[in-house]
**Q** 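One structure coming up, written as structure tokens, with questions to follow.
Reminder, nothing fancy here: chain letters follow the sequence lines and each chain counts from 1. Just so it is clear, the structure is predicted and the values come from calculations on it, not from any experiment.
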Number of protein chains: 2
Amino acid sequence: MDIKTKLIAAAERLFDRHGFTATGIDRLTQATGMSSRTLYKHAGSKTALIAAVLSERDRRFQRRLAVRSVDGLFAALGDWVRVEGSRGCLFLRAHGETGGDTPEIAAALSAHKEQLRERIRLIVINETGGENPALAEQILLLFEGATATAVYRGAPAVASARAAAATLVEQARS
Amino acid sequence: MDIKTKLIAAAERLFDRHGFTATGIDRLTQATGMSSRTLYKHAGSKTALIAAVLSERDRRFQRRLAVRSVDGLFAALGDWVRVEGSRGCLFLRAHGETGGDTPEIAAALSAHKEQLRERIRLIVINETGGENPALAEQILLLFEGATATAVYRGAPAVASARAAAATLVEQARS
DNA sequence: TGAAATGTAAAACGATCGTTTTACATCTGA
DNA sequence: TCAGATGTAAAACGATCGTTTTACATTTCA
């Protein structure tokens, strides 16, 4: 595996499990077996590493969410939670830890959520045959709710969101 | 104002705006105008201060959420967001920053969410005339979703959750 | 009156932060 | 072959972390 890929993967894991600020550079070098010199050669800075981690996570997230139905969306989220665990949205967590004061992180959050909203917009069009911004916003709410609630309620939270979303879609159709 | 009350209030504000780890002791002494000696006399440690902040926030939160209807619940959340801002659930943020490794914080999160679930359980009983765990879980999802989404979508997220909740309640009644 | 309590100001504790540097080994390619 | 790139190991940078301590002023109250 490429050295930068390995670094980003290890960083994502540590940031997700222990938090961004709580994860120091020495823990990253220790986890990857590389020197701090090499780490900085490839990452530039810790902030840039965080941005790279979020960018890579966004790619993986979007790939898994490439579905066409609302039900498929929550099925995909269920898969995500089963594979990656549920410690909350990493973008919101990064934003929260820095108070929104780090432009690179704020930009990553904004881009990620914009993509998520766009995905849901397309899914809703596919489900109901046309634009329905109100329904799309409600699906987004359930998606975010499932992500947050899964932290302390586990995978069942996603199943509940899936059921609620089905009800809202059905109601919107009639 | 009592010195400990002032400390907790200032700490809550700084933790909320800039994050827990990012807020150092010196920023707290500077914000309150007290010496670090006095701060430690009253707070014990930073971890204990965080726990005290969460405890106080929980009290204020529960007081504001003392309502009897689902619509009232989201109206109250809307009030909360308008008054206190929307930077996400402070309990989940504290938990995320520490990776769940700090027992006091994990306990505060657990107690807070347990209270929230109990509140919603009672509201749902009041609305539908009996226990409805499935509906209660869905209302919880919308509540958490509104809190998370309001970080980047603002107050309208709460209004959307309110509408979605109304639909789910109506559907559960028939 | 005078000891205990409570506060500020400021220095100091060792630890750790993100980052850079020095020194050296190994691989790569013209 | 030999220069350049790429890596590790380890020390060092100044800054900041949470916390304790020393020294001193003020208030409280029997």
**Q** Tell me which nucleotide among C:dG7, D:dC17, D:dT20 gets nearest to the side chain of B:Asp26.
**A** D:dC17
**Q** Hey, is A:Arg173 close enough to A:Glu170 for a salt bridge, meaning N to O under 4.0 Å?
**A** no
**Q** Would you mind classifying the nucleic acid contact of B:Ser36 as base, sugar-phosphate or nothing, using non-hydrogen atoms under 4.0 angstrom?
**A** base
**Q** Can you measure B:Ile3 atom CD1 to C:dA5 atom P for me and round it to whole angstrom units?
**A** 17 Å
**Q** Determine whether the aromatic ring centres of A:Phe61 and A:His112 lie less than 6.0 Å apart.
**A** yes
**Q** What is the separation between atom CG on B:Leu28 and atom C1' on D:dC17, rounded to the nearest whole Å?
**A** 13 Å
**Q** Could you give me the CA-CA distance, side-chain angles and deciding distance for B:Arg82 and B:Asp79, then say whether salt bridge (Lys or Arg N to Asp or Glu O under 4.0 Å) is met?
**A** CA-CA 5 Å; B:Arg82 192 171 336 105; B:Asp79 290 345; 3.2 Å; yes
**Q** Would B:Glu56 and B:Arg60 pass as an ion pair if we require N to O under 4.0 Å?
**A** yes
**Q** OP1 or OP2 of D:dT6 versus the side-chain N and O atoms of A:Lys41: is any pair under 4.0 Å?
**A** yes
**Q** Give the rounded distance in Å between these two atoms: CD1 of B:Ile25 and C1' of C:dG14.
**A** 16 Å
**Q** What nucleic acid atoms does B:Thr23 come within less than 4.0 Å of, heavy atoms only: base, sugar-phosphate, or nothing?
**A** sugar-phosphate
**Q** If I take atom CZ in residue B:Phe15 and atom P in nucleotide D:dG18, what distance separates them, rounded to the nearest angstrom?
**A** 9 Å
**Q** Should the side chain of A:Arg37 and the base of C:dT22 be counted as holding a donor-acceptor pair, with the cut-off at 3.5 Å?
**A** yes
**Q** Given D:dT6, C:dT20, C:dA9, identify the nucleotide with an atom nearest to the side chain of B:Ser35.
**A** C:dA9
**Q** Whole angstrom is fine here: how far is it from CZ in B:Arg27 over to P in D:dC17?
**A** 9 Å
**Q** In whole angstrom, give the distance that lies between atom CG of A:Leu39 and atom C1' of C:dT19.
**A** 11 Å
**Q** Report yes if a side-chain nitrogen or oxygen of A:His42 is closer than 4.0 Å to either non-bridging phosphate oxygen (OP1 or OP2) of D:dT6; otherwise report no.
**A** no
**Q** Does D:dT8 have OP1 or OP2 under 4.0 Å away from a side-chain N or O of A:Thr38?
**A** yes
**Q** Check the distance between C:dT8's C1' and B:Met34's CE and give it to me in whole angstrom.
**A** 11 Å
**Q** If I take atom CD in residue B:Gln30 and atom C1' in nucleotide C:dT8, what distance separates them, rounded to the nearest angstrom?
**A** 16 Å
**Q** Check this for me: does any side-chain nitrogen of one of A:Arg121 and A:Glu131 sit under 4.0 Å from a carboxylate oxygen of the other?
**A** yes
